[in-house]
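Here is the structure we will look at, set down as structure tokens.
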Amino acid sequence: MDAKFLKPYNPTETEPKIYEKWVADGFFKPETCVEKGMTKADAPVFSIVQPPPNVTGTLHMGHALATTLEDIMTRYHRMKGFRTLWIPGTDHAAIATQSKVEGIIYKEEGKRRQDVGREELLKRIDAYAKQSHDAIVGQVKRLGASVNWSREAFTLDEKRNLAVRTAFKAMHDDGLIYRGYRVVNWDPKGQTTISDDEIVYTEGSGTLYTFKYSKDFPISIATTRPETKVGDTGVAVHPDDARYKQFVGKEYAIDFAGAKIKVKIVADEAVDPAFGTGAVGVTPAHSFTDWEIAQRHDLPIVPVINEYAKMSVDSPLLKDKKIADARAAVVEWLTAQGLLEKSEPIPQNIATAERTGGVVEPLPKLQWFVDVNKKLEKRGGKSLKDLMREAVSEKGIAIIPERFEKVYAHWIENLRDWCISRQIWYGHRVPVWYRSEEIFVGIEAPTGEGWKQDEDTLDTWFSSGLWTFSVLGWPEKTTDLATYHPTNVLETGYDIIFFWVARMILMSTYLLGEIPFKTAYLHGLMRNADGSKMSKSKGAIDPIEMCAKYGTDALRMSVIVGIGPGSDTKMSEDKIRAYKNFANKLWNITRFVLSSTEGEQVEKDFASYSADDAKLVGEFRAIVAEVAKEMEEFKFYLVAEKLYAYAWHEFADIILEQSKDILAKGSDADKKSRKQLLLRILADVLKLLHPFVPFVTEEIWADMPVPEKRSLIVESWPTS
RNA sequence: GCGCGCUUAGCUCAGUUGGUAGAGCAUCUCAUUGACGUUGAGAGGGUCAUAGGUUCAAGUCCUAUAGCGCGCACCA
């Protein structure tokens with residue numbers, strides 16, 4: 001027995017050595033496994049892509065959970081003999097990264113984006129992203145991820161940029177991407193548009209003001225935003241509303257809060273006669289529903305708020321005022337004029353931008369959109385919405401837990417065209433060029449003089465949507481693409497089911513005509529012990545610190561046991577501490593087994609078990625069979641707990657204890673049987689536990705008396 | 001408004017097709033130069049949110065209610 005077993009297991013010393021050896025041996029690379037005879041050349045494929053962490057900092061507990069789950073699946077399939085590929089990468093995360101770096105620059109130098117300039121800011125962001133990337137790579141390694149590093153990708157590298165340009169061009173050619181002047185979600189703080197999904201609603205309270213535009217105006221209207229009323233071009237009432245029928249079609253010119261406005265009264269089904277006065281002041285420039293009403297009735301669009309969330313209207317009372325001040329001014333004016341009839345408190349959701357926290361202002365802007373309803377000839381007359389819906393309902397993508405299939409379907413029903421252009425600098429530049437009246441959309445820049453590329457960049461999720469196949473070399477027709485796509489599993493948090501899962505399905509079904517993955521396993525959110533969302537300010541647990549303190553294996557066990565898919569988890573350091581002993585327990589079990597079986601080798605076809613031992617073997621085989629079933633069902637939390645309980649409370653507490661007696665006083669045949677039993681069960685327990693606690697099992701395996709032994713990572717999975 | 005989830009031991013959570021309530025941590029008692037610096041044996045602790053229903057049998061299935069949480073929509 002090696003002397004190392006005389007001391008307690010030391011994870012900090014062991015883990016980096018083991019990881020480096022796995023990398024050096026090339027076991028993370030499927031080709032190497034085939035070359036070395038560990039995997040059959042014609043073996044079935046198991047592929048998975050890492051959800052690329054944002055290069056906005058370092059990994060948090062959610063990443064630790066994801067990485068562990070993905071590594072468990074990967075290691076399990078590799079041991080099962082699959083040609084296994086797990087591709088790592090990082091995400092440039094566009095707005096998230098840019099606003100992070102802008103924040104740092106502002107804090108340190110007091111400079112804003114415009115002061116720094118595009119080129120310099122991009123340089124600074126690249127430097128930050130590089131640093132963050134390197135930190136993340138180190139952390140992913142620390143967590144034991146058996147990812148194929150030679151295939152590592154970045155959502156903003158050259159190859160992925162080609163994929164983005166190719167996708168954009170194809171979608172434009174098919175009429176799916178169009179440029180349009182519409183009301184979009186504008187984030188005044190980030191100075192960019194954002195998509196519907198990037199809005200976070202917070203509950204707040206507002207005031208509903210009821211008033212008339214002027215003394216002569218026949219209808220009272222109600223609004224929570226009086227300051228926008230200078231942009232009204234219509235008043236909408238329900239077509240069946242008897243109170244207002246006589247006024248429909250009439251037009252009024254009014255002096256309102258220092259501005260001259262023209263309002264036409266229209267009848268529209270969208271109006272709820274029971275809300276407020278049953279009459280809506282229509283502000284087409286600053287409301288999505290009003291924009292639509294205006295489209296139906298041909299009402300003019302009058303913007304009155306600018307990109308800085310200040311009044312742009314030509315009124316001495318309001319011009320250049322901030323929204324809140326303008327609101328107060330209008331209310332004051334209404335009161336002074338005797339027009340205000342009522343003001344009452346009302347619950348109101350406040351729309352804020354996910355990344356910057358800025359209050360979102362709907363503004364009309366010329367932007368690029370993805371049409372989700374257009375029927376596609378080359379996809380059998382189906383729209384992107386149809387393709388997305390059918391991929392889950394009919395084409396075989398299974399979402400775990402299943403209830404999210406309903407959430408997904410519901411989201412698709414409410415889906416509007418996707419605004420993909422952003423007014424930020426860090427990201428994939430929109431591949432469109434302009435020259436006076438000409439517009440050129442292409443994969444490469446147009447030839448000739450005077451072309452100027454679109455200043456905007458694309459929503460980060462546009463490039464993320466291509467991830468399952470852009471990492472495999474698309475648009476080139478690579479062997480990787482043919483071999484590993486569709487991927488088997490996509491493992492990610494349920495919080496990005498719309499952002500990412502849905503967009504990947506959209507891109508893959510449209511561009512490749514196939515699903516991006518067969519199963520989407522959605523994990524829950526990691527929360528602090530008190531249930532609050534994990535953030536650094538609230539003392540979130542740092543996974544890497546936990547690795548250093550308790551060992552990676554302990555951390556991995558702590559995020560697996562008892563945590564099913566889709567459910568949030570309250571994480572505490574106690575929980576991690578609770579599993580640190582397990583690795584050492586395995587270590588000590590091994591010490592006992594090896595010291596009691598000196599000179600003994602695992603005999604491949606040993607069949608002379610004593611009656612007692614044969615029974616124990618049978619019981620263990622039953623565990624193996626249960627594990628096999630539960631692994632296939634993605635019930636890793638059950639497997640981890642089961643193996644933990646078996647190793648500790650059955651194998652150590654019972655089998656090892658009774659072995660002391662047998663090995664001391666038993667017959668030679670019983671001793672032989674028991675030694676074979678101990679070695680055999682320990683060997684198989686190590687194999688079964690390897691995907692969960694890879695480091696300690698590999699380190700022990702090195703000293704196991706097993707003939708024709710390989711590294712544990714490429715050993716074959718036990719069969720029952 | 002529509003939809004979803006959760007409610008089980010002091011805490012964090014399991015409980016697969018219905019078949020006598022489980023784990024880890026915490027608490028208490030005893031043992032322990034032991035393979036175990038990170039040990040073992042044992043104990044206490046639960047009317048499984050509430051009320052109905054189905055069933056020979058319900059933590060599990062159905063209905064309703066409550067509390068907590070979440071998603072989507074609305075938000076004049």
Side-chain angles (χ1 to χ4, degrees), chain A residues 1 5-9 196-197 201 203-204 206 208-210 220-226 228-229 232 235-237 270-283 287-290 293 346-351 401-415 494-495 497-498 524-525 527 529-531 550-551 554 557-558 561-564 566-596 626 629-630 633 635 637-638 640-642 644-645 648-649 652-654 656-657 659-660 678:
Chain A
M1 186 182 68
F5 288 107
L6 297 177
K7 283 192 275 180
Y9 175 62
D196 295 344
D197 297 292
Y201 292 98
E203 264 180 45
L208 186 67
Y209 301 95
T210 305
S220 299
I221 59 161
T223 183
T224 54
R225 301 199 60 184
T228 65
K229 298 292 102 182
D232 283 11
V235 163
V237 298
V271 179
D272 175 4
F275 189 93
T277 61
V280 184
V282 181
T283 324
S287 154
F288 286 90
T289 43
D290 290 7
I293 293 172
I346 185 177
Q348 192 182 27
N349 285 341
I350 299 161
E402 212 179 317
R403 63 188 151 89
F404 283 102
E405 293 188 8
K406 214 170 174 177
V407 175
Y408 173 82
H410 186 232
W411 177 79
I412 291 174
E413 291 320 307
N414 290 309
L415 189 59
Y494 68 76
D495 54 330
I497 183 170
F498 308 138
L525 270 41
R527 295 178 177 280
D530 65 357
Y550 306 110
M557 280 300 276
S558 78
V561 175
I563 304 180
S567 50
D568 294 354
T569 307
K570 290 177 190 156
M571 206 59 210
S572 65
E573 191 168 335
D574 281 346
K575 190 168 179 189
I576 304 166
R577 192 184 295 120
Y579 286 100
K580 75 172 177 174
N581 300 349
F582 184 54
N584 196 57
K585 188 73 185 180
L586 291 173
W587 194 252
N588 285 312
I589 288 171
T590 307
R591 182 195 301 181
F592 176 84
V593 171
L594 293 185
S595 66
S596 328
E626 286 172 30
K629 182 167 174 282
E630 287 160 356
E633 291 169 349
K635 292 177 179 165
Y637 55 106
L638 294 181
E641 194 177 4
K642 184 168 288 175
Y644 174 96
W648 199 312
H649 299 300
D653 289 349
I654 297 172
L656 255 55
E657 286 304 323
S659 298
K660 291 173 186 172
L678 291 175

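Note that this is a predicted model, so its numbers are computed, not measured. Lettering of chains follows the sequences in order, A, B, ..., and the numbering in each one begins at 1.
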Between CZ of A:Arg527 and OG1 of A:Thr569, what distance do you get to the nearest 0.5 Å? 9.5 Å
Identify all pairs in which a protein N or O lies below 3.5 Å from an N or O of nucleotides 7-15 of chain B, and state each distance.
from, atom 1, to, atom 2, distance (Å)
B:C13, O2', A:Gly562, O, 3.1
B:G15, OP1, A:Tyr637, OH, 3.3

Do the non-hydrogen side-chain atoms of A:Val280 and A:Asp272 ever get within less than 4.5 Å of each other? no
Same-atom distance (C1') from B:U17 to B:A58, integer angstrom: 14 Å
Base, sugar-phosphate or nothing for A:Ser596? Non-hydrogen atoms, less than 4.0 Å. nothing
Can you tell which of B:G24, B:C75, B:A35 lies closest to the side chain of A:Phe592? B:A35
Below 4.5 Å, heavy atoms only, C-beta onward: do A:Arg225 and A:Thr283 meet side chain to side chain? no
Quick one: list whatever passes side chain to side chain contact (heavy atoms under 4.5 Å, CB included) with A:Arg591, sequence neighbours left out. A:Met1, A:Phe5, A:Asn588
For B:C74, take OP1 and OP2 only and decide whether either is under 4.0 Å from a side-chain N or O of A:Thr289. no
Provide, to the nearest angstrom, the distance between the CD atom belonging to A:Glu203 and the C1' atom belonging to B:C70. 12 Å
What's touching nucleotides 36-40 of chain B from the protein side, N or O pairs under 3.5 Å?
from, atom 1, to, atom 2, distance (Å)
B:C36, O4', A:Asn588, OD1, 3.4
B:C36, O4', A:Asn588, ND2, 3.4
B:C36, O2, A:Lys585, NZ, 3.0
B:C36, N3, A:Lys585, NZ, 3.0
B:U38, O2, A:Asn581, OD1, 3.4
B:U38, O2, A:Asn584, ND2, 3.4
B:G40, OP1, A:Trp648, NE1, 2.4

Calculate the interatomic distance between A:Asp495 atom CG and B:G71 atom C1'; express it in whole Å. 12 Å
Identify whether any heavy atom of A:Glu630 sits under 4.0 Å from a base atom; if not, whether one sits that close to sugar-phosphate; answer base, sugar-phosphate or nothing. base
Base, sugar-phosphate, or nothing for A:Ile589, non-hydrogen atoms under 4.0 angstrom? base
For B:A26 and B:U33, measure between their P atoms and round to the nearest Å. 23 Å
What contact category does A:Thr223 fall into here, base, sugar-phosphate, or nothing, at under 4.0 angstrom with non-hydrogen atoms? sugar-phosphate
Separation between CD1 of A:Ile346 and OG1 of A:Thr224, rounded to the nearest 0.5 Å: 7.0 Å
By nearest heavy atom, map A:Val407 and A:Gly276 onto RNA chain B; which one lands nearer the 5' end? A:Val407
Enter the distance from A:Phe498:CZ to A:Asn414:CG here, rounded to the nearest 0.5 Å. 9.5 Å
Would you measure the distance from the P atom in B:G37 across to the matching atom in B:G69 and give it in whole Å? 45 Å
Rounded P spacing from B:C2 to B:A64 in Å: 13 Å
In whole Å, what separates the P atom of B:G53 from that of B:G59? 15 Å
A correct dot-bracket answer for RNA chain B, with pairs being Watson-Crick or G-U at under 3.5 Å, [ ] for crossing pairs and | for inter-strand pairs, is (((((((..((((.....[..)))).(((((.......))))).....(((((..]....))))))))))))....
State which residues pass side chain to side chain contact (heavy atoms under 4.5 Å, CB included) with A:Ser572; sequence neighbours excluded, sorted by chain then number. A:Ala529, A:Asp574, A:Lys575
From the list B:U16, B:A35, B:C74, which nucleotide is the closest neighbour of the side chain of A:Leu656? B:A35
Looking at residues at least two apart in the chain, or sitting in another chain, which of them share a side chain to side chain contact (heavy atoms under 4.5 Å, CB included) with A:Lys629? A:Glu633
